[in-house]
**Student:** 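Shown below is the structure under consideration.
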Amino acid sequence: MRWRTFALLLLLLNAMYWAWGEGWLLPYGFGPTPQREPQRLAQQIRPQAITLLSAADDGQPPPVTVTPEPTICLQSGIMNKAQADAVRSFLQTSWPPESWLLMGQADGQGLRLRLPALNAVLQAQLPELEAVVPGAVLEPCPDDGVAR
C-alpha cells in the first residue's frame, strides 16, 4: 500500500508541476513569471527597415570601396656621402623601407634621396628628416615615369 500511495502522490505532484509550468495556475496566483521585455520593443528604431536575406540571395554584403590615401613624391638635392650616411641611418631606424630610396647620380657625384609615396603620417615626420640634414631641400619629384 505504501508504494501505491507514493506513486499516486508522485503522479499528482507531476501533474501540478506541469499545470504550473503551462501557466494554468496563474489565475490562482501560482505560476512562473512571464519572460517578456516590452521595453526593448519600445526602444526599436525603424524595425521595418530590416530586411532578411535568404540563402538563395547572394549572401554577400555589398563590396566596400576603399579609396587610396593621397600621397606625394619628394626628392632632395644632391647630397655628399656624409649627408647620405646620416640620412640612411635615420631612415633605417624610423621609416618603412619601401618609403624611401637613395639614388646614385649618373656621374657618380653624390646621392639623391627620393620619397616616392609620402602619406599623411610620413609627411608629418618630414621636419625630423630635414633636421638630420640641415639645408637639404625637398622638392616635388620630376615626372619621369618612375612609379609612385
Side-chain angles (χ1 to χ4, degrees), residues 9-148:
L9 183 61
L10 190 58
L11 186 63
L12 179 65
L13 287 174
N14 277 326
M16 287 177 53
Y17 180 72
W18 180 67
W20 175 85
E22 291 293 317
W24 291 352
L25 301 177
L26 280 176
Y28 305 107
F30 301 105
T33 56
Q35 300 293 323
R36 292 187 227 152
E37 298 182 20
Q39 71 276 12
R40 296 213 187 255
L41 288 175
Q43 291 175 351
Q44 288 183 359
I45 300 171
R46 295 182 10 160
Q48 70 277 7
I50 296 175
T51 58
L52 298 177
L53 299 176
S54 68
D57 293 338
D58 209 78
Q60 300 291 331
V64 177
T65 56
V66 178
T67 57
E69 186 177 355
T71 61
I72 61 171
C73 178
L74 296 176
Q75 74 179 16
S76 72
I78 298 174
M79 297 183 290
N80 61 30
K81 183 162 175 37
Q83 290 173 325
D85 289 341
V87 168
R88 181 182 293 122
S89 65
F90 173 77
L91 291 175
Q92 284 177 340
T93 59
S94 59
W95 284 50
E98 67 277 358
S99 66
W100 59 275
L101 175 67
L102 279 173
M103 304 181 315
Q105 292 298 109
D107 60 1
Q109 299 294 320
L111 297 168
R112 190 179 295 265
L113 172 65
R114 180 170 277 211
L115 307 168
L118 288 176
N119 57 21
V121 174
L122 293 175
Q123 289 177 32
Q125 295 178 2
L126 281 178
E128 298 171 13
L129 175 62
E130 290 171 345
V132 172
V133 183
V137 177
L138 294 174
E139 304 167 341
C141 299
D143 192 16
D144 56 358
V146 175
R148 292 183 191 174

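These numbers come from a predicted model, not from an experiment.
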**Student:** Do S94 side-chain atoms and L91 backbone N/O form a donor-acceptor pair below 3.5 Å?
**Tutor:**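 Not at all, since once roles are kept as given, no pair shorter than 3.5 Å links the two residues.
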**Student:** Which distance, rounded to the nearest 0.5 Å, do you find between the OG of S76 and the CE of M103?
**Tutor:**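 These two atoms lie 8.0 Å from each other.
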**Student:** Answer yes or no: is there a side-chain heavy-atom contact under 4.5 Å between Q75 and P142?
**Tutor:**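 Yes, close enough: below the 4.5 Å cut-off.
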**Student:** Could you tell me if the side chain of L115 sits less than 4.5 Å from the side chain of L122, heavy atoms only?
**Tutor:**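 Side-chain contact under 4.5 Å: no.
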**Student:** Apply the test side chain to side chain contact (heavy atoms under 4.5 Å, CB included) to residues W95 and Q125: give CA-CA distance (whole Å), side-chain angles for both, the deciding distance (0.1 Å), then the verdict.
**Tutor:** CA-CA 9 Å; W95 284 50; Q125 295 178 2; 3.3 Å; yes
**Student:** Quick one: does L113's side chain get under 4.5 Å of L129's, heavy atoms only?
**Tutor:**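 SC-SC contact between L113 and L129 confirmed.
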**Student:** Under a 4.5 Å cut-off applied to non-hydrogen side-chain atoms, are M79 and V87 in contact?
**Tutor:**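 Contact flag for M79/V87 side chains = yes.
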**Student:** Let me know which of W24, W18, Y17 forms a ring-ring contact (aromatic ring centres under 6.0 Å, His included) with W20.
**Tutor:**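 Result: among W24, W18, Y17, Y17 is the only option passing the ring-ring contact (aromatic ring centres under 6.0 Å, His included) with W20.
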**Student:** Does the Q123 side chain pair with the main chain of L118, one donor and one acceptor, at a distance under 3.5 Å?
**Tutor:**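 Answer holds: yes.
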**Student:** Could you pull out the closest heavy-atom pair between P127 and A124, with the gap in Å?
**Tutor:**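 For P127 and A124, the tightest heavy-atom pair comes out as CD-O, 3.4 Å.
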**Student:** Hey, are the side chains of E130 and L138 touching, using non-hydrogen atoms and a 4.5 Å cut-off?
**Tutor:**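 Heavy-atom side-chain distance check passes, below 4.5 Å.
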**Student:** Just wondering, do N80 and L111 contact through their side chains at under 4.5 Å, heavy atoms?
**Tutor:**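 Contact flag for L111/N80 side chains = no.
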**Student:** In sequence, state the C-alpha distance, the side-chain angles, and the governing distance for R88 and L102, and then conclude on side chain to side chain contact (heavy atoms under 4.5 Å, CB included).
**Tutor:** CA-CA 8 Å; R88 181 182 293 122; L102 279 173; 3.5 Å; yes
**Student:** Testing the basics here: between P116 and S99, what is the closest heavy-atom pair and its distance to 0.1 Å?
**Tutor:**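 Of all heavy-atom pairs spanning P116 and S99, the closest is CD-O, 3.5 Å.
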**Student:** Just so I know, are the side chains of V132 and Q83 near enough to count as touching, which here means a heavy-atom distance under 4.5 Å?
**Tutor:**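 Not in contact.
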**Student:** Output, in order, the C-alpha distance, side-chain angles, deciding distance and verdict of side chain to side chain contact (heavy atoms under 4.5 Å, CB included) for F30 and M16.
**Tutor:** CA-CA 11 Å; F30 301 105; M16 287 177 53; over 6 Å; no
**Student:** Could you tell me the separation between the CG atom of L101 and the CZ atom of R112, rounded to the nearest 0.5 Å?
**Tutor:**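 Rounded to the nearest 0.5 Å, the CG-CZ separation comes out at 12.0 Å.
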